[in-house]
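To keep things clear, I will list the structure first and then write my remarks on it.
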Amino acid sequence: MQRKLILIVVAILFLLFTAACGGPSSTQSDAPARSDAPAPRAESGDGDSTTLASDAGAPDQEPPATAQGSLTMALSLVPNAIDVARASDQATLNVAWQLYDSLVWQDDAGQITPALAEDWETSADNREYTFKLRQDVTFHNGEPFNAAAVVASWERGRQDDMAWSDRWSTADSVQVVDDFTVKVTTPEPNALLLRTMANFWAMTPPQYLAEVGEQGFAKQPVGTGPFMLAEWIKGDRVVMEANLNYWRPGLPRLQEVIFRPIPESSTRVAAIQTGEVDIATRLSAEEAQTLRDLPNVEVLEYPVDRVFYITFNNLTSGVGQPTEDKRVRQAMNYAVDVQSILEALFDGYGRPSTGFVIPSNLGYDEAITPFGYDPDRARQLLAEAGYSDGFTIDMACPGNAQINFDQVCEAIQGYLGEVGITVNLELMESGQFWELEAQKQLPPLFGDSWTETSGEALPRLEGALRGWDASFSAWSDPEIDRLLNAISTTIDDESRAALYVELQRYMQEDPPFIYLYELSTFEGVNPNIRDYQPRAAESFFLMETWITGN
């Protein structure tokens, strides 16, 4: 009876929420839709990205020979920076990457191809990479790109105050060989080094940084990318214009890109309906359904490589808490009815997670099943751990950051209460939440999600589980460290996959998280948009995108 009451409350919260404002923003992950769900509008051959369906309806259309037209995109979050090294979330990274390039590029099929490096060689022991750089590239301010810029970018990126310092610190040395050759050395073979570079090593101009300092760079960032910053009114808009000297011939195709932060998803829906924006990201399944019959909107649906979870913090605030006992953590997983949350808040468009490796990732273990909802088992485990009367614990979640995540956290609070765990829940402004997360100052429990752009789960696992060495980690475990070390240094895919399986089984026996779910995401798009391909990580690059009739 009590469980039914919780589900009814969750459903009522959802209905009231969508009626009032359409839900917070979204995010979602690799989730097979229900059998009665509408099919994706269009998919690429490998299923990892989705191309706007209207592209197929315009065979006589050709991209413009020069940059033209303006595209406006509605964001679900306010970017905290336009600097890849300081970006705190995927939405911010999406904005920032339009200004930059890395040495290598991960294409829409997930393959690593040349970018600012024309080619490279790897040593026999897989520890040294020698990159030959392009000689015709300049930063937006006219400063030349060269080997010195690569070294300076690496030295800056690995500083402790950078959000992704751990991704730069995968290399322990970056050296100039000559003006257009650099040697990157890693302490051990690194299976994902090139993918890490592609997704985090944005090149920045050392002379300009020396002149304006970090504060000046934060206001007017400069890269080598397809677009240049024209205007940034914080909280209102980010305006970029085409880099007409871009090193990739014929790109970009848009003259202007405008990013508008619109945190309320109902407002994003209204904006795409009226044509105020050309792309509205992170919509709920219900909101997407209201757009499907409109002639001026295409609806994209695609699976996202993102896992939602509740973290157990054993580094700072969780020390000495009952959650240090793995039986308590197992109990809390059994206490939460994830499937009912999916049905009540997401129309069933999702799957309960079994861990941090999802079905499309290398080494996914099909033998592992979700914990499932078993409150009696939860109470039994709590009693075995000495907490038959329950306990009280604090929890935080980022407010208005993902679709209905506020309501998810409230439902989890209710479910845990049913087995005797009193949760003091705080919904924080998302920017403050991620700042405190990076400083490891969040409560013993906190909710979050982690997307991954590389196609493998290792960066997500390391980012959330590397203890003090990773900015957004709140958990440390020697056995997990051992397995992560082995995965990261194993070049052979089959052997690496077996290690992923071993890690998943350990992480279910000794869970560092309450595993929640993975979802599909929805976007509303102007049918005149061409060559827009959001990827499974909800990432996108706009250099090839163009718009007709603009």
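Both backbone and side-chain heavy atoms feed into the values below; hydrogens, waters and symmetry mates do not. Residues take their numbers from the sequence shown, with the count starting at 1.
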Would you confirm whether Thr545, through its side chain, and Asp531, through its main-chain N or O, come within 3.5 Å as a donor-acceptor pair?
yes
Exam field: side chain Ser473 to backbone Gly467, donor-acceptor pair closer than 3.5 Å:
yes
Name the residue from Tyr309, Tyr500, Tyr364 that meets the ring pair (Phe, Tyr, Trp, His ring centres under 6.0 Å) definition with Phe356.
Tyr309
Shortest non-hydrogen contact between Ala67 and Gln255, atoms and distance:
O-OE1, 3.7 Å
Quick one, Asn526 with Ile547, criterion side chain to side chain contact (heavy atoms under 4.5 Å, CB included). Give me CA distance, side-chain angles, the key distance, then yes/no.
CA-CA 9 Å; Asn526 180 338; Ile547 186 168; 4.1 Å; yes
ring-ring contact (aromatic ring centres under 6.0 Å, His included) involving Phe200 - partner list, sequence neighbours excluded:
Trp164
Could I get the full list of side-chain hydrogen bond (donor to acceptor under 3.5 Å, both in side chains) partners for Trp97, not counting sequence neighbours?
none
With Arg167, which residues qualify under side-chain hydrogen bond (donor to acceptor under 3.5 Å, both in side chains), at least two apart?
none
Non-neighbouring partners of Gln441 that pass side chain to side chain contact (heavy atoms under 4.5 Å, CB included), sequence neighbours left out
Leu436, Gln439
What pairs of residues pass the salt bridge (charged side-chain N to carboxylate O under 4.0 Å, His left out) test when at least one of them lies in residues 175-200, not counting sequence neighbours?
Glu128-Lys183
Considering residues at least two apart in sequence or located in another chain, which fulfil the ring-ring contact (aromatic ring centres under 6.0 Å, His included) criterion with Trp247?
none
Got a sec, which residues hit salt bridge (Lys or Arg N to Asp or Glu O under 4.0 Å) with Glu276, two or more places apart in sequence or on another chain?
Arg260
Sorted by chain and number, sequence neighbours left out, salt bridge (Lys or Arg N to Asp or Glu O under 4.0 Å) with Arg466 holds for Glu462, Asp481
In terms of side-chain geometry, is the basic nitrogen of Asp305 or Arg460 positioned less than 4.0 Å from the acidic oxygen of its partner?
yes
Arg530 and Glu544: CA distance, side-chain angles, deciding distance, salt bridge (charged side-chain N to carboxylate O under 4.0 Å, His left out) verdict:
CA-CA 9 Å; Arg530 301 287 184 267; Glu544 296 189 50; over 6 Å; no
Salt bridge (Lys or Arg N to Asp or Glu O under 4.0 Å) with Glu214: which residues, sequence neighbours excluded?
Arg86, Arg156
Ion pair present between Lys132 and Glu121, side-chain N to carboxylate O less than 4.0 angstrom?
no
Criterion side chain to side chain contact (heavy atoms under 4.5 Å, CB included) on Leu442 and Met428, from CA distance to verdict
CA-CA 10 Å; Leu442 287 176; Met428 295 183 180; 4.0 Å; yes
Residue list, side-chain hydrogen bond (donor to acceptor under 3.5 Å, both in side chains) with Asp125, at least two apart or on another chain
Ser123
Least distance between heavy atoms, His140 atom then Gly225 atom:
NE2-O, 3.1 Å
List for me each residue that meets ring-ring contact (aromatic ring centres under 6.0 Å, His included) alongside Trp232, sequence neighbours excluded, and say none if there are none.
none
Results of salt bridge (Lys or Arg N to Asp or Glu O under 4.0 Å) for Arg248 - residues two or more places apart only:
Asp101
